[in-house]
Amino acid sequence: MIKLRNVFKRQIEGLRELPTLPDSVEKIIEKIEKEASLTSIAEIIEEDQVVSARVLKLVNSAFYGRGGKISSLHHAVSILGINILKGLVMGSYFLSIDDSGIEGLWAHASAVASLANEMGRHLCIKNVEEVAAAALLHDIGKLILREVEPECFVNFLHHLEEDDSRNFRDCEEEWFPAGHEDAALMWVKRYNFPVLIQEVVAFHHRPSVASVYKKEVSLVHVADAVVKLYGKGFSGDYSANPVNKVALKHLDLNEATLYDLVLKSAHVLL
């Protein structure tokens, strides 16, 4: 077992370079890493109309649940904060580029973020906006796999279409050196993302493994499962994700209270 784990680790480390960012996004991230003022970060974002539009779209999206439209980038940046801004600037870039290999991933990720935000508010989770941002990135590893092994990725999706008895996570490691959770963890660690985002992208299918943010990871896990049942967007397969009982325990829920919570929150998916 130890030998197999070591081989697997070397396979992960042997992955080709992860997707690179445009110069404009790199400049924004560099400013954030240097802990520049929010004003200077807003100014450099304004230099790129595409990134500016994405940030404003995200801060005005349903999962932030704020009244009124925010048209000022400076206001948007002040609302998002540094950690959320970093995740959304980078994540929205990868989620919005050509998704011909997995159409619907952005819609799926947005729906999970919206539902995690809404359920989190009902559960009185304090850092719910950061959880929503992490939820937006939860499947980023799938796009990383696509970037690293584009031909294999297309064949893999065709395989899932032909055999709908298995889901993405069931057989991804039969095709790639690393699964999408491990690939995502490599990527977010490379850019020093907050631990919350690291744990969400790495453990949203295994909330029992999370060590610091068990409740937050569990919230994204449940939101992901519910969104798949509702059929919002496309995450690579159409099979249902069972809700982990450990996740319910972390959220102090049972089947009945989860059902009530979904009824209260599911309007964001309509």
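For this chain, numbers begin at 1 and follow the sequence in order.
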Side chains of residues 206-213: which donor-acceptor pairs under 3.5 Å do they make with residues two or more places apart or in other chains?
residue, atom, partner, partner atom, Å
R206, NH2, A202, O, 2.9
S211, OG, E199, OE2, 2.9

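E181 places a side-chain heavy atom less than 4.5 Å from the side chain of R169.
Side-chain atoms of S218 come within 3.5 Å of backbone atoms of K214 as a donor-acceptor pair (strictly under, hydrogens ignored). With hydrogens and angles ignored, the 3.5 Å screen pairs no side-chain donor or acceptor of S110 with any backbone N or O of A107. Here the side chain of H250 pairs no donor or acceptor atom with the backbone of A247 at under 3.5 angstrom. The backbone N or O of N244 sits less than 3.5 Å from a side-chain atom of H221, completing a donor-acceptor pair.
Clustering of Ile, Leu, Val, Met, Phe, Trp and Tyr side chains at separations under 4.5 Å places L263 together with Y259.
Residues passing the side chain to side chain contact (heavy atoms under 4.5 Å, CB included) test with V227, sequence neighbours excluded: H108, A111, V112, L115, K232, L269. Considering only residues two or more places apart in sequence or on other chains, K228 meets the salt bridge (charged side-chain N to carboxylate O under 4.0 Å, His left out) condition with D237. The salt bridge (charged side-chain N to carboxylate O under 4.0 Å, His left out) test applied to E255 returns no partner, not counting sequence neighbours.
Both L145 and L157 are members of a single hydrophobic cluster when ILVMFWY side chains are connected at heavy-atom separations under 4.5 Å. Taken together through direct or relayed side-chain contacts under 4.5 Å among Ile, Leu, Val, Met, Phe, Trp and Tyr, L258 and V268 form part of one hydrophobic cluster.
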Query raised in the report: Going through the distances and angles, do E172 and H180 end up as a side chain to side chain donor-acceptor pair (under 3.5 Å)?
Result: CA-CA 8 Å; E172 60 185 350; H180 73 281; 2.9 Å; yes

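The aromatic rings of F156 and F176 lie perpendicular to each other, with more than 60° between the two planes, well past the 30° mark.
Residues A135 and A113 share a closest heavy-atom pair of CB-CA, 3.7 Å.
The environment of CD in E174 is crowded: more than 12 heavy-atom neighbours from other residues, nucleotides or ligands sit within 6.0 Å.
Here salt bridge (Lys or Arg N to Asp or Glu O under 4.0 Å) pairs that include residues 259-270, with residues two or more places apart or in two chains, number zero.
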